[in-house]
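Counting convention: from 1, in listed order, for ligands and their atoms alike.
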Amino acid sequence: MNRSEKYRGRLAPSPTGFLHVGHARTFWVAQERARAQGGALILRNEDLDSTRYKMEFVDAMIEDLRWFGFAWSEGPDVGGPFAPYNQSGRMDGYRAALNKLRAGDFIYPCTCSRKDIQAATRAPHANDDGEPIYPGTCRQKRQSEIGDQKFSWRFRVPDGETISFVDGNFGEQRFVAGRDFGDFIVWRGDDVPAYQLACVADDEAMRITEVVRGADLLISTARQILLYRALGLAPPDFFHCALMLDESGQRLAKRHDALSLRQLRQQGRTPHSLR
Ligand SMILES: [Zn+2]
């Protein structure tokens, strides 16, 4: 990050369910960090996953965030200089990034299904974020060989290279490409940008200077650093928050409905007590 830039942070929820107390905690850290720097906080609605996306959740999400005490100066409900703030409205930017990656030969078309990948991975070894290491089946494929088969675009990682970055919370992080994570999808077979690409394109376009998010995305940060590099962009700073665990040591996830902000609110909990 260029230190003369004004701090710009973001909240980037997906409207695939009701907001969870775990998300709220991470978002709260994001808001506190933006406030401490006298910076701006942006709300970005990550609604690309159209199969799981429900309109009712967007309104609920915004309402729950406001109820909890979040305030943003740019977002889908208030607009701003980098509108639209719904990812579904930002396809042109994602396509431009995809074309740049294609032009630089950083990506290749992959026709593998999830099943193919599992079958080709002899020792099924998933990394920390549960994503199996791609066995490289399609690495040499060209688009002209694909015909009318359905395919995704996959990023070729530099095998053996250590990707390191200094996290604002956890300090120095090191991940080895090809070992800790493999070639990853940047554009899905259903013609939707993958999380990694959309996130990088938007954080760049919205001039985000620090990304605050959950520690489950540490490996994704290594992937995204490779995307920034391939696109000729400087990555923002990163601050990852420890994940909340329940009594049995399981990660809190959206399926723990009892811990949705909505439910807690209905039970009479106040934002103050939750914070
Ligand atoms: Zn493949």
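Both the sub-6.0 Å distance and the 45° axial angle are not jointly satisfied by Arg223 relative to the ring of Phe155.
Between Asp77 and Arg66 there is a salt bridge, since at least one side-chain N of the basic residue sits less than 4.0 Å from a carboxylate O of the acidic one. A salt bridge is defined here as a Lys NZ or Arg NE, NH1 or NH2 lying under 4.0 Å from an Asp or Glu carboxylate O, and Glu74 with Arg10 fails to meet this definition.
Counting only protein atoms, the N, O or S atoms lying less than 2.8 Å from the Zn ion (ligand 1) are Cys110 SG, Cys112 SG, Tyr134 OH, Cys138 SG, ordered by chain and residue number.
Screening Thr26, Asp216, Asn169, Thr221 for a side chain to side chain donor-acceptor pair (under 3.5 Å) with His240, the sole residue that qualifies is Thr221.
Applying the 6.0 Å contact sphere to CZ of Arg275 captures more than 12 heavy atoms from other residues, nucleotides or ligands.
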Pairs of donor and acceptor atoms involving the side chains of residues 97-104, under 3.5 Å and at least two apart or interchain, shall be tabulated with distances.
unit_1: Asn99; atom_1: ND2; unit_2: Arg95; atom_2: O; d: 3.3
unit_1: Lys100; atom_1: NZ; unit_2: Leu231; atom_2: O; d: 3.2
unit_1: Arg102; atom_1: NH2; unit_2: Gln143; atom_2: OE1; d: 2.8

